[in-house]
Each structure stands twice: as structure tokens, then as C-alpha cells.
Amino acid sequence: MTPSLTVAARIERWPIAGGFAISRGAKTEAVVIVAEVSRQGLNGKAIIGRGECVPYARYNETPEGTLAAILSLQDAFRSGLDRQALQSRMSPGAARNALDCALWDLEARVAETRIWDLLGRPEPRPLTTAYTISLGTPQAMAEATAKAAHRPLLKIKLGGDGDEARIAAVRKAAPASELIVDANEAWTEADLERHLAACADAGVTMIEQPLPAGQDQALARIKRPVAVCADESVHDRASLGGLRERYDAINIKLDKTGGLTEALAMAEAARALGFDLMVGCMVATSLAMAPAMMIAQGARVVDLDGPLLLAKDRDNGLRYDGSMVYPPDAGLWG
């Protein structure tokens, strides 16, 4: 018999160090939802699993709506809803991500084992994460890049007009770093090839989502001098079809897949189709990054720098040593 589970959730706000800007706007804090799923242990004490998500306005998600969606399943969990049933009960998105990751955490704690043992996988190794340079003027971005030029992998936010000057300024400020760029759907078909050429000239190795989702057919008609990665154009396994001609890689984010369960299956399906993998994140705490470390082990690019952009991370957060990010301690997740 499936045990009765109790669900709680709350909105948390985490100040960002300075600010964070992309083509769609800027923010000064990360607004996250933490879900807690608990059951009674053999000793009578509650065993609690946690998951964190970031509601994203791009997908019509709000903190209040996501919180309500999580709490709406309280009766269902008390009646035996489990992680597998959750996949069909909720659509992919932030709310399911928080619950799915909380359920994985709970399973590991009930079994008194680590998440990788539960999955039958090797213990994860430390990985090099990208570090994000926020969108700004070429001069401001060059100044920010110079301070991060010691990092081996930088992710540069672009925004359309002026991007050629931005990428040239960034490359000059960090001549030795590997560069990837993220246009967040800000380019147009008219300027696509010009921007791609500028990135190629600067030695950029990957470009995320240059064109708006659903308006990216031009990527299949041109020669791509730099690998192009789908982000907003891909969410879960159901959205993989037809992308192979347009993209070389896909960005797996747990807030898009709706949790680790779908992300694991999606990574396997994407590899079978010949995609390289990127694992990304929203700006959030280490609790949101921890489950993604399981997907990141096989990724071409790892972008799990969310906590590095915050003024302060939560207790027991991931260990970052420069750009190296280490697997989570049991006190955090999994």
C-alpha cells in the first residue's frame, strides 16, 4: 500500500548580487517555491523530502499560481498519489518539478541511501559550470567579464541590437575562456547569419535559442558555423520531434521538464536522437541545482551557476570551488 504523504509549500525570495538581466528584462531577486513532501518514519518522526522550483513568466507561471497548484494536490497525496502517478497528473513545469524532486529526496531518505544509488548510477563527480555574464552595454559586459576571466567557461547573455559589439568586447576581456552565448529568443531571421558569424569570429562554441520558439525554421535552412542549442523550443520528450534539423543540442532544465523523472528520460531520448546535452538552470538556490547534477554528469555543457549569482545561498548549499561544482551533501538533497 502506498503510504500517505503530506505536502507543504512556500514562496521564498533570495536577493541577487547586484542584478540579473536578459533580453526579456531584469530582476534583483530570485523568487522560488519550496515544496516539502513528508511521511511518518518507523520511529514516528516525519521524514521530509524537499524540492525547489522557479515559476517562469515566459511560460505563464506565477509564484502564487505555482504554489496553489502544489497545494491543490494535498488530498491526492494523502490518498496515495506517488511520483509515477504525478507525471500524468500534472503538466511539465515548475510546480511538478518541485514535487517530483521532493519525492526523489524523500525516497532517498526513506531508503537511507544516496540518490545515485537509488538510480543505480555511479557517484557523481565534480563538474565545471558556466558562469553567466548579464546583458548590458558592451562596456559594462566587458568589465563584468574581466572580473570573471579566470573562469574556464562563460555564458554571455545577448539581446539583439548591438550583440556583435557585445561579443567582441567580451572576447577581448576574456581571451582564454570558452564562451557560450544565450540570445533568449532575441534575434530575428534577418540578422541571424550576421550574429552567427560574429560569434564564430569570437570563437564561441555554442549559441542558445537565437530565434523565438516556433519561429526557428530558418535554422534548418542555413549553414550553422557554431553549434546551436534549443532552450525555449524544447521542454520535455514530447517536444524533441522535428528539432534535429534545426538544433545541435538541447538545454534540459528541470523547471521545463517538470522534474528529475522526466529529465532522466529526456536525456536518454535526446542522446538517442544524436543531440548534445546542456543542463541549465534558473537563478535559484542550491536546492534547485542539486537534482540537475544527476543529469549534468553526461552533458556537453553544464550551466548550474544559479547560487553564484545570489547574494547568499541556503544552508548546506552546493560546494563551489571557483567554477567547479560538487555533488550535493545529504543534508541538502538526495
Side-chain angles (χ1 to χ4, degrees), residues 12 14-17 20 30 32 34-35 48-54 97-98 100-109 111-133 147-155 174 176-180 205-206 251-255 257 259-261 263-264 267 276-334:
E12 295 182 350
W14 294 81
I16 294 172
F20 183 77
V32 308
V34 174
I48 302 173
R50 299 186 302 164
E52 178 180 319
C53 70
V54 180
N97 176 33
D100 182 79
C101 291
L103 288 165
W104 276 111
D105 189 31
L106 180 63
E107 287 178 45
R109 295 183 188 283
E112 297 184 339
T113 190
R114 296 311 308 272
I115 183 70
W116 44 88
D117 294 324
L118 207 60
L119 291 168
R121 299 189 174 203
E123 182 175 350
R125 67 189 190 281
L127 300 168
T128 298
T129 179
Y131 181 81
T132 302
I133 303 299
K147 296 176 183 176
H150 62 285
R151 295 183 181 273
L153 177 61
L154 297 177
K155 174 173 169 173
S177 301
E178 179 182 359
L179 301 183
I180 58 176
T205 57
M206 183 179 286
N251 188 346
I252 297 177
K253 292 179 180 174
L254 271 62
D255 278 314
T257 66
L260 180 60
T261 301
L264 290 165
D276 282 335
L277 298 186
M278 176 178 183
V279 173
C281 67
M282 307 300 188
V283 182
T285 80
S286 284
L287 182 57
M289 307 298 121
M293 283 293 289
M294 300 308 304
I295 306 294
Q297 297 301 306
R300 159 69 180 82
V301 173
V302 177
D303 178 25
L304 297 177
D305 65 342
L308 296 179
L309 305 175
L310 298 177
K312 180 182 180 297
D313 194 9
R314 67 175 71 248
D315 293 341
N316 299 314
L318 293 179
R319 175 188 165 200
Y320 287 87
D321 183 5
S323 290
M324 293 295 294
V325 54
Y326 288 75
D329 291 334
L332 175 68
W333 182 87

Side-chain contact, heavy-atom cut-off 4.5 Å: [X] with [Y]?
| X | Y | value |
| --- | --- | --- |
| Asp100 | Leu103 | no |
| Ile133 | Tyr131 | yes |
| Arg314 | Leu332 | yes |
| Thr128 | Met324 | yes |
| Asp313 | Met289 | no |
| Leu254 | Leu260 | yes |

Inset, instruction - Go through the structure and list residues passing salt bridge (Lys or Arg N to Asp or Glu O under 4.0 Å) with Asp303, not counting sequence neighbours. - result: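 Only Lys155 meet the salt bridge (Lys or Arg N to Asp or Glu O under 4.0 Å) criterion with Asp303.
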Inset, instruction - Tell me, please, which residues at least two apart from Asp305 pass salt bridge (Lys or Arg N to Asp or Glu O under 4.0 Å). - result: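 Applying salt bridge (Lys or Arg N to Asp or Glu O under 4.0 Å) to Asp305 gives none.
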Can you tell me how far the [atom1] atom of [X] sits from the [atom2] atom of [Y], to the nearest 0.5 Å?
| X | Y | atom1 | atom2 | value |
| --- | --- | --- | --- | --- |
| Trp104 | Leu118 | CH2 | CG | 6.0 Å |
| Asp276 | Asn251 | CG | CG | 12.5 Å |
| Ile115 | Asp105 | CD1 | CG | 8.0 Å |
| Leu287 | Cys53 | CG | SG | 10.0 Å |

Return the minimal non-hydrogen interatomic distance between [X] and [Y], and the atom names on each side.
| X | Y | result |
| --- | --- | --- |
| Pro126 | Pro327 | N-CD, 4.2 Å |
| Ser177 | Ala149 | OG-O, 3.3 Å |
| Trp116 | Pro328 | CH2-O, 4.1 Å |
| Ala30 | Ile16 | N-CG1, 3.9 Å |
| Ala284 | Val32 | CB-CG1, 4.1 Å |
| Ala102 | Ala35 | CB-O, 3.8 Å |

Inset, instruction - Decide yes or no on side-chain contact (heavy atoms from CB on, under 4.5 Å) for Leu153 and Ile180, but give the supporting numbers first. - result: CA-CA 8 Å; Leu153 177 61; Ile180 58 176; 4.2 Å; yes
Legend entry - Main-chain N/O of Leu154 paired with Thr132 side-chain donor or acceptor, under 3.5 Å: no
Inset, instruction - Check whether any side-chain N or O of Glu52 sits under 3.5 Å from a backbone N or O of Thr285 as a donor-acceptor pair, and report yes or no. - result: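 Answer holds: yes.
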Donor-acceptor contacts, no H, no angles, side chain residues 293-301, under 3.5 Å, sequence neighbours left out:
{"unit_1": "Gln297", "atom_1": "OE1", "unit_2": "Arg125", "atom_2": "N", "d": "3.0"}
{"unit_1": "Gln297", "atom_1": "OE1", "unit_2": "Arg125", "atom_2": "NH1", "d": "3.2"}
{"unit_1": "Gln297", "atom_1": "NE2", "unit_2": "Arg125", "atom_2": "O", "d": "3.2"}
{"unit_1": "Gln297", "atom_1": "NE2", "unit_2": "Met293", "atom_2": "O", "d": "3.2"}
{"unit_1": "Arg300", "atom_1": "NH2", "unit_2": "Glu178", "atom_2": "OE2", "d": "3.0"}

Inset, instruction - Just do the side-chain contact (heavy atoms from CB on, under 4.5 Å) check on Arg114 and Glu123 with the steps written out, would you? - result: CA-CA 9 Å; Arg114 296 311 308 272; Glu123 182 175 350; over 6 Å; no
Inset, instruction - With sequence neighbours excluded, tell me which residues meet side chain to side chain donor-acceptor pair (under 3.5 Å) with Trp14. - result: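 Side chain to side chain donor-acceptor pair (under 3.5 Å) list for Trp14, sorted by chain: Glu12.
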Legend entry - Any residue meeting side chain to side chain donor-acceptor pair (under 3.5 Å) with Arg50, in chain and number order, not counting sequence neighbours: none
Inset, instruction - Among residues two or more places apart or on two chains, list those pairs meeting side-chain hydrogen bond (donor to acceptor under 3.5 Å, both in side chains) that have a residue in residues 323-334. - result: Arg151-Ser323
